[in-house]
Amino acid sequence: MNDLAGLIEPLVALRRDIHAHPELGFVEHRTAARIAEVLRAAGIEVHEGIGGTGLVGVIRAGDGTRRLGLRADMDALPIHEQTNLPWQSTVPGCFHGCGHDGHVAMLLGAAQALARDPQFSGTLHLIFQPAEEGQGGARQMIEEGLFERFPCDRVYALHNWPGLPAGTISTRPGPIMGAADKYRITVTGKGGHAAIPQDTPDAILAAASLVQQLNTIVSRDVPPSAFAVLSVTEIAGGHAHNVLPAEVMVGGTVRTFDPMVQDRIEERMRQMLRGIEASFEVQTGLDYDRYYPATINDADAAADALAVAGLVGHAELAPEPAATSEDFSFMLQQRPGAYIWLGQGRGDNPPPLHNPHYDFNDEVLELGMRLHMALARHWLRD
Ligand SMILES: [Zn+2]
Ligand SMILES: [Zn+2]
């Protein structure tokens with residue numbers, strides 16, 4: 001274990017420093033500056049300002065032609081931390097509740113160790129992306145030429161996973177995280193006196209009927225073997241007991257793994273809106289936003305990841321995907337690769353991701369480093 005001697009302790013300190021100074025998506029200025037500083041101190045070439053605050057470190061070794069990308073995300077969440085840990089957030093309402101501070105530290109640690117002693121032949125791209133939490137930082141980096149400037153034949157990303165015990169590494173071929181869509185529907189009547197309903201289309205009644213109908217899509221239009229969730233999470237309209245409002249808003253989210261199922265749900269939603277218009281004499285508008293696609297692992301990349309994981313920890317084939325989403329999906333649409341869960345659970349009931357009591361488990365920092373290093377040495381060989 002002494003190949004990493006002297007690296008772990010400063011990395012834990014760095015992880016806790018980043019934790020204490022969290023930054024939201026696309027404003028990770030301090031975090032990005034710290035990353036660049038550590039990479040440069042290790043003699044690694046650094047390219048900043050890709051996708052806003054995103055940056056890429058490059059390590060070349062030997063004369064191998066293979067190229068690998070390893071990704072870490074850098075952003076925090078708009079949550080108020082409640083851990084009371086000595087390194088807790090110093091920014092009210094902002095918190096590393098998804099462990100991206102740990103992701104940064106693990107990739108930086110691997111970068112330091114590999115710069116010192118590569119034991120590979122080829123080019124390694126260390127991708128630090130902004131704004132994973134809903135703002136599509138990965139897509140932004142891709143649009144700004146990430147893979148043209150830093151070609152990768154394969155890409156991997158690790159995410160800490162509180163539901164798996166520390167020491168376990170898990171992934172699967174095919175879908176691993178869901179597609180996330182959000183929709184916002186406006187139902188428009190004309191507004192009028194509640195006592196004269198015959199003159200005023202009832203947008204409230206139309207919206208109520210719509211909510212019922214939307215909840216039949218998954219049970220009636222999606223095959224029982226497919227995964228889908230449709231939730232109505234918002235409804236707003238009306239302010240007075242004697243006024244029929246002119247407009248009601250209905251909103252929510254859709255989660256799927258299969259683009260055909262995703263298409264079908266949106267199509268049925270549009271058909272239902274036409275029916276609502278006809279039966280209630282209202283107008284409707286739909287804003288349907290597919291903000292994150294499903295995260296689909298390449299079968300070979302996932303198999304390699306599991307084989308490599310078995311060399312450094314306990315590897316486990318994940319039995320099913322998670323319904324949450326991840327913008328590494330955009331990178332996997334461009335390049336074959338895999339998204340890997342790194343178990344970090346401790347105790348019986350560890351706080352889940354995005355919980356105000358969550359914290360990254362520093363005990364898995366070394367394992368994450370070793371996994372990054374092993375992935376690089378496995379792929380970047382002659
Ligand atoms: Zn998250
Ligand atoms: Zn996350």
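Counting starts at 1 for both ligands and their atoms, in listed order. Computed from a prediction, not measured in an experiment: that's the story for all the values here.
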Compute the ring centroids of F330 and Y292, then answer whether they are less than 6.0 Å apart. yes
If the Zn ion (ligand 2) is the vertex, what is the angle to NE2 of H159 and NE2 of H100, rounded to 10 degrees? 120°
D327/R139 salt bridge by N-O under 4.0 Å criterion: no
Has C98 got an N/O/S atom less than 2.8 Å from the Zn ion (ligand 2)? yes
Please set out all donor-acceptor pairs under 3.5 angstrom arising from side-chain atoms of residues 212-219, sequence neighbours excluded.
from: Q213; atom 1: NE2; to: S209; atom 2: OG; distance (Å): 3.4
from: N215; atom 1: ND2; to: V211; atom 2: O; distance (Å): 3.0
from: T216; atom 1: OG1; to: Q213; atom 2: O; distance (Å): 2.6
from: S219; atom 1: OG; to: T216; atom 2: O; distance (Å): 3.3

Of all the N, O or S atoms in E133, the one nearest to the Zn ion (ligand 1) is OE2
Do H159 and F328 have ring centres separated by under 6.0 Å? no
